[in-house]
Amino acid sequence: MLEEAVAKARREYADRHPMSAALHARAIAVMPGGNTRSVLHFEPFPFRARTASGCRIQDEDGHTYIDFLGNYTAGLFGHSSKVVLDAVTTAMESGFALGATHAREVELAQLLCDRFDALERVRFTNSGTEANLMAIGTALHHTGRSGVGVFGGAYHGGVLSFGSGDHPLNVPHRYVQAEFNNLDALDQLFADTDLGCVIVEAVQGAGGCIPASSEFLQELRRRCAASGTVLIFDEVMTSRLSPGGAQRLFGVAPDMMTLGKYLGGGMTFGAFGGRADIMGHFDPTAGGALTQAGTFNNNIVTMAAAVAVVSELLDDDRLEQLNERGDRLRARLASVFKESDRGFWVTGLGSMLSIHAEDDRLLELLFHHLVVDGLYIARRGFIALSFDIGDAECDLLADSVTKWLRNPL
Ligand code: PMP
C-alpha cells in the first residue's frame, strides 16, 4: 500500500514536471545522476529551478514554491537581497579578479573577530568543507598529535562525513569516533593518548538537526582543556542560531571555529580561525611553518557580500526573531505529529529544524504532498528559515502538514 502510494506520487510528480524531466534526461548523459550536488537529488528527479525571488522559487515547469529549504542554511537572506546585490555589484565595478590583498578582507576579518568570541584571528576559504579541513590540519600541527575526535552523525563536509554507512571519500585522518551527546562515550575519545583535536557541531545539522546538551559540550570543553586537545566548533550552520553563534548560546568557548554558508550572502564562503597562538602558525613574519593556498580565498565578490551581510543584514533582533519563529514552527509541528500518531517527529533549534519519520516512505509522501502544495523542504525533512519567511508562510506549511496527516494515503 505504501509502495503503491509512493509510486503514484512519483508518477504524478513526473507528469507535472515535463520540462524538468527533459532537463534531467539531458543531465544524466553528462553528469552522473544528472547532478553535481548529491543532496539535491530526489526521486524521480529534482525540479530544475528557473528563477527565485524573496522566499519563492519558480521551476522550469512554471510551479512556484515557498522555499523552506533556504539552501541548507546558506540562504538566510532569501533570493534577492538588495543589500547583497548592491555590495557585489559595487565591488565588481572596481575589478573582480584581483591577485592582491585588499581592504575588504581586512574589514570582514575585523567584523567576524568582533562578532564571534572564539575568533582572535581568522582566515578565509571557499567552502565550509575547506574551512574544516584547514582547522583540523592546523590543530594537528599545533599539537603534534594524530587523532581527530569526531561524533557519529556529524557532517563537516563531503570528505568529512560521519553519518551512517561508508564514506570512502573521507580524507584519511586517524579518526576516533564516539557517540554524539553521550557523556559516557567521551571516555572512548579521551582514552586516545594522541588526540590532537575534537570537532563538533553544537547542533548536528545534516545529521538531523539534533542539538547537543549543554552538559555534553561543557564536559567536552573540560576534557579537551585537561588533555591539551584543540576543541573545534563547526559553526558553518550553527553560527546563525544567536548573534554570537552557538558558542554564545551554549556558553562554551572553543579553541577554534569554522564558518561558512549564509555569511557569504549566497556566495561561496568559508572561514576558520581561533586562538592567536594556534592561528599564528600561518604568520610568516613570526616564522610560522604553515601556508594557506587558495586562488579565491579573498575573492572580491564574497568579501564584499560578507561585509554587507555582517554589517548591514545580521541585525541581532531580526536574527533572534527568526529563531523564535523557528521555535514556534517546531512546537506546532511537534504537536500535530504527536496528535496524528503516524510515526513523525521534529527536531531542531531556532531557525533550523528537521522532520523525521519512522518509515522513510511516509516522509517521501509528505515531501511530495508539500511539493504539490507549493512548499519546498529537503527530501530528507530539513528546513532552514530565511528572513523572507514570515509567520504567514510558517502557517501555510503547518496547515499543509496538518491537512495531509489526516489522510496520508
Ligand atoms: N559543516 C557543516 C556543519 C555543514 O552543514 C556543511 C554543509 N552542509 C559543511 C560543513 C560544508 O560546507 P560546504 O558545503 O560549504 O563545503
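Atom set for the values below is all heavy atoms of this structure, side chains included, hydrogens, waters and symmetry mates excluded. Counting starts at 1 for both ligands and their atoms, in listed order. Remember, it's a predicted structure, so these values are computed and weren't measured experimentally. Positions are given from 1 along the sequence.
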Check your understanding: In order of chain and number, which residues sit within 4.0 Å of ligand 1 by heavy atom?
Key -> S127, G128, T129, N132, Y155, H156, G157, E201, D234, V236, M237, K261

Check your understanding: Any ion pair linking R332 and D399 (charged N to carboxylate O, less than 4.0 Å)?
Key -> yes

**Study point:** Contacts of type side chain to side chain donor-acceptor pair (under 3.5 Å), residue Q321, not counting sequence neighbours
**Key:** none

Point to revise | Residues which pass side chain to side chain donor-acceptor pair (under 3.5 Å) with R26, listed by chain and number, not counting sequence neighbours | key: none

**Study point:** Ion pair D59/R16, N-O distance below 4.0 Å
**Key:** no

Check your understanding: Any salt bridge between R223 and E219, counting N to O under 4.0 Å?
Key -> yes

Cut-off 3.5 Å, no hydrogens considered: what does the side-chain donor-acceptor table look like for residues 155-164, sequence neighbours left out?
| unit_1 | atom_1 | unit_2 | atom_2 | d |
| --- | --- | --- | --- | --- |
| Y155 | OH | G158 | N | 3.1 |
| H156 | ND1 | D234 | OD2 | 2.7 |

